[in-house]
Amino acid sequence: NGGKININTASAAELDTLPGIGPAYAERIIQYREKQGGFSSIEELQDVSGIGPNTYERIKDLVCIY
């Protein structure tokens with residue numbers, strides 16, 4: 001995965017290391033993936049409450065889904 005964080009398997013602590021993602025957003029990402037059965041694309045991060053285009057742009061190259 002080239003050192004990228006897998007948003008389908010990462011712990012809250014791992015997600016918290018991403019720029020603009022603190023403990024609250026990390027928890028929202030985990031809740032979203034549990035409810036939806038995982039992310040099918042990194043763009044889906046924008047469906048998580050509070051993660052808008054600016055945050056997505058900062059983290060999109062740092063994450064993967066596989």
Side-chain angles (χ1 to χ4, degrees):
N1 64 10
K4 294 183 178 186
I5 292 177
N6 184 331
I7 57 175
N8 278 326
T9 60
S11 67
E14 289 171 310
L15 293 167
D16 192 19
T17 66
L18 294 165
I21 304 295
Y25 286 136
E27 192 56 42
R28 287 184 197 167
I29 291 169
I30 291 170
Q31 288 174 356
Y32 179 91
R33 79 174 182 220
E34 288 174 352
K35 181 179 175 187
Q36 300 298 323
F39 290 91
S40 57
S41 71
I42 61 168
E43 291 83 9
E44 250 184 275
L45 274 171
Q46 296 177 91
D47 294 337
V48 175
S49 176
I51 298 180
N54 292 336
T55 301
Y56 174 73
E57 284 298 316
R58 284 199 302 267
I59 66 174
K60 70 177 183 174
D61 295 328
L62 304 173
V63 298
C64 65
I65 57 167
Y66 51 87

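Quick note: residue numbers are just sequence positions, from 1. Here the structure is a predicted model, which is why all the values come from computation and not from measurement.
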K.L.:
Please report, to 0.1 Å, the donor-acceptor pairs under 3.5 Å made by any side chain of residues 53-65, with sequence neighbours excluded.
P.N.:
from, atom 1, to, atom 2, distance (Å)
Glu57, OE1, Lys60, NZ, 3.2

K.L.:
Name every donor-acceptor pair, under 3.5 Å, that has one atom in a side chain of residues 25-35 and the other anywhere in the protein, sequence neighbours excluded.
P.N.:
from, atom 1, to, atom 2, distance (Å)
Tyr25, OH, Gly50, O, 3.4
Arg28, NH1, Ser49, O, 2.9
Tyr32, OH, Glu44, OE2, 2.9
Arg33, NH1, Ile7, O, 2.9
Arg33, NH1, Ala10, O, 2.9
Arg33, NH2, Ala10, O, 2.9

K.L.:
Just list the side-chain donor-acceptor pairs under 3.5 Å for residues 11-19, sequence neighbours left out, or say none.
P.N.:
from, atom 1, to, atom 2, distance (Å)
Ser11, OG, Ala13, N, 3.4
Ser11, OG, Glu14, N, 3.1
Ser11, OG, Glu14, OE1, 3.4
Glu14, OE1, Ser11, N, 2.7
Thr17, OG1, Glu14, O, 2.6

K.L.:
Whether the side chain of Asn6 engages the backbone of Tyr66 through a donor-acceptor N/O pair (distance < 3.5 Å, no angle test) should be reported.
P.N.:
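Looks like yes, one N/O pair under 3.5 Å.
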